[in-house]
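By convention here, the first residue in the shown sequence is residue 1.
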Amino acid sequence: MPGGHVRDPRVRGFDSFWGFTENHSQDNFQGSYRLLSDEVDERSYTTSSGGDQPGTFYQTDAITDYTLDFLENNRQRNAAEGTNEPFFTYVAYGAPHFPLQVRDEWVDPLVSRYEAGWDQIRDDRLDRMQQLGLIDEDVALTLRGDVANTGHGEALHQIRAWDSLDPARQADLARRMAIYSAMVERIDYSIGRVLSDLEVNGELDNTMIVFMSDNGADGEWHEYGFDANEAPRTGAALDSMGTTTAGVDDHIFYGTGWANVGATPFRNYKHYTHEGGIRSPAIIQWKDGLDESLVGQISSQVSDIRDLMPTLLAIAGEEMPSEWTDLSGATYKTTGTLSESLAGFLTTGQPLGDRELGWEHEGNRAYRLGDWKLVSSNFGSTQPGGAGANEWELYNLGEDPTESDDLSDDPVFAAQFAKMVAGYERWAYQNDVSSVLTWSAADFNKDGVLDASDLGAFQAGWLESDALGSNGSFARGDINLDGVTNVDDFVLARRAFQLGGQQAVFDSFVKSLGVPEPSSLVMAAAAVCAATRQRRSRRQHRSH
């Protein structure tokens, strides 16, 4: 790249930081950006020092520089105003996202560690994880993973054995993984800079720090890298791979084979909803707030990125707002949330218990209820007896964390399978993944059947209101998750019972209210009266 200067790289807001570029490039910085905060001075970086040598700019370093600037600005503002306002900083590194780019002096020492290849390293990683207590000792490694038919030069096939590759291909792939590793090490170094800054300023112990990834290892798109037709690099082209000396390096990917290593010991990768695609660790440090039973421990508490917002609000003593205003001044209503706060778990050590979570991405689906998981992928599998594209699989993760024993066709688990499918369909409807009303939309106690207990919950929860829809409001009959159980939900519940073949149960419920067909509005009004009488009776009973 020609020499030049870069100003205000990917900075958004004062107390939040957004790390993103138009092409996710590290040294090869492109695009236009603006600094939204008037309180922090812009920095200036060189993109090249001449002779195709990198300048002072590297995205990971620049993001860290600005993070430290934001933290210092908050301290100075507090000092000037005599306040002690806390801060929230979102540090979103572009690395190690593709394209892979790093400086030669960082990557060269790492190449030799990957020359053993992905099969051996995958075995070694599982051994190491088991020694550290991260994975149970009885967990076996899954078979070598698949390369999906994504239109990148080859049809669906199993990742090739490392020993089957020619030496030139092995050398090319080993360097790709070394580049990726160097990018991760630079993140590690940068996080150390932030932690050191907090410690020096006496802010480390009372600051909650959450480190996490948004998905599992990325298998885009072929085991050779981006495409099946990529020829292995040799000589000078290999040595310069992942630097700014060649424009072609905008598309350096490490490939599906190394993503299979990154997902050890699980199946599949980013884009997909098997554990290799959605399971990633979260590291939480909070000396002044974390329960002692959690300090230094590895927890199996199931959580989700959607839990982060309610967790931080709960710790800050705030409630989820019912509406929000964007930077332009436009105001929007906040949608209902089916997530959970982890604040109680973090401060008391008491687990949340079984979680209900759903996912859908590019047709890849999953639904989890406790240890049970329903999952499908849009490309199927080459594994022996593997499911086809978009076919449901069922696993008990408590006994089978690597999703190796599909129970979907086992008659012993037919009822559990049906319950899980109904649960996913309900979740999909609640979260606008599907617009089709399902019978399970009225399964308020989530037991897999529609019966009088669901209608009892509906009646007891009539006109009970929250600011936002939630798991709690759904349990009271709030089908549309607007926070209140009302006429709209009554109409939906009636249709759901019809879809579930339980019209007679619903008719019996209506008859008990003493209201004739066919007016849903009249029936709903009667339900209001019935619920009101019940509540009045309870209040009178308590007053005695």
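- Between atom CH2 of residue Trp286 and atom OG1 of residue Thr347 there is a gap of 6.5 Å, rounded to the nearest 0.5 Å.
- Here the straight-line distance linking atom NZ of Lys287 with atom CD of Gln285 works out to 9.0 Å at 0.5 Å rounding.
- Put simply, the side chain of Asp454 never gets that close to the backbone of Asp443: no donor and acceptor are under 3.5 Å apart.
- No donor-acceptor distance shorter than 3.5 angstrom exists from the side chain of Gln301 to the backbone of Phe345, with no hydrogens or angles considered.
- Of the residues listed (Arg306, Lys419, Lys446), the one engaging Glu356 in a salt bridge (Lys or Arg N to Asp or Glu O under 4.0 Å) is Lys446, and it is the only one.
- With hydrogens and angles disregarded, a donor-acceptor distance shorter than 3.5 Å links the side chain of Asn260 to the backbone of Gly145.
- The aromatic rings of Phe379 and Tyr272 stand perpendicular to each other, their planes meeting at an angle above 60°, with 30° marking the opposite boundary.
- Between Asn471 and Glu340, the side chains place a donor N or O and an acceptor N or O closer than 3.5 Å (distance only, hydrogens not considered).
- Judged by the 6.0 Å and 45° rule, Arg186 forms a cation-pi pair with Trp106.
- Electrostatic pairing of Glu223 and Arg160 counts as a salt bridge here, judged by a charged N lying under 4.0 Å from a carboxylate O.
- Ion pairing between a basic and an acidic side chain is recognised when a charged N comes within 4.0 Å of a carboxylate O; Arg176 and Glu230 show such pairing.
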Check the pair Asn480 / Phe474 against side chain to side chain contact (heavy atoms under 4.5 Å, CB included), numbers first and verdict last.
-> CA-CA 8 Å; Asn480 60 12; Phe474 174 78; over 6 Å; no

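- Judged by distance alone, the side chain of Thr311 and the main-chain N or O of Leu342 form a donor-acceptor pair under 3.5 Å.
- For the atom pair CG of Asn390 and CG of Asn364, the computed distance is 8.0 Å after rounding to the nearest 0.5 Å.
- Side-chain polar atoms of Thr382 and Asp146 form a donor-acceptor pair below 3.5 angstrom.
- Counting only distance, with no hydrogens or angles, the side chain of Asn431 and the backbone of Trp427 share a donor-acceptor pair below 3.5 Å.
- The pair Lys373-Glu275 meets the salt-bridge criterion, with a side-chain N (NZ, NE, NH1 or NH2) lying under 4.0 Å from an Asp/Glu carboxylate O.
- In this structure, Glu199 places its CD atom where only 12 or fewer heavy-atom neighbours from other residues, nucleotides or ligands lie under 6.0 Å away.
- One distance of note links CH2 of Trp372 with CG of Leu394; it measures 5.0 Å at 0.5 Å rounding.
- No side-chain donor-acceptor contact under 3.5 Å links Ser339 to the backbone of Asp307.
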Go through Phe226 and Phe98 one step at a time and tell me if the ring-ring contact (aromatic ring centres under 6.0 Å, His included) criterion holds.
-> CA-CA 10 Å; Phe226 181 79; Phe98 306 136; 9.2 Å; no

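- With hydrogens and angles ignored, the 3.5 Å screen pairs no side-chain donor or acceptor of Glu137 with any backbone N or O of Gln130.
- Ring orientation note: the planes of Tyr424 and Trp392 are nearly perpendicular, at an angle over 60° on the 30°/60° scale.
- Salt-bridge formation is not detected for the pair Asp304/Arg368: no Lys NZ or Arg NE/NH1/NH2 atom is positioned less than 4.0 Å from an Asp or Glu carboxylate oxygen.
- Remark: side-chain polar atoms of Ser473 are paired, donor with acceptor, to backbone N or O of Ser470 under 3.5 angstrom.
- Side-chain contact annotation: Glu393 with His274, donor-acceptor N/O pair under 3.5 Å present.
- Within a 6.0 Å radius of CZ in Arg193, more than 12 heavy atoms belonging to other residues, nucleotides or ligands are found.
- From Asp61, atom CG reaches atom OH of Tyr93 across 8.5 Å, with rounding to the nearest 0.5 Å.
- Here the side chain of Thr142 pairs a donor or acceptor atom with the backbone of Pro265 at under 3.5 angstrom.
- Side-chain atoms of Gln120 and Asp124 include a donor-acceptor pair closer than 3.5 Å.
- No donor-acceptor distance shorter than 3.5 angstrom exists from the side chain of Asp136 to the backbone of Val139, with no hydrogens or angles considered.
- Cation-pi geometry between Arg476 and Phe444 is not met at under 6.0 angstrom from the ring centre and within 45 degrees of the axis.
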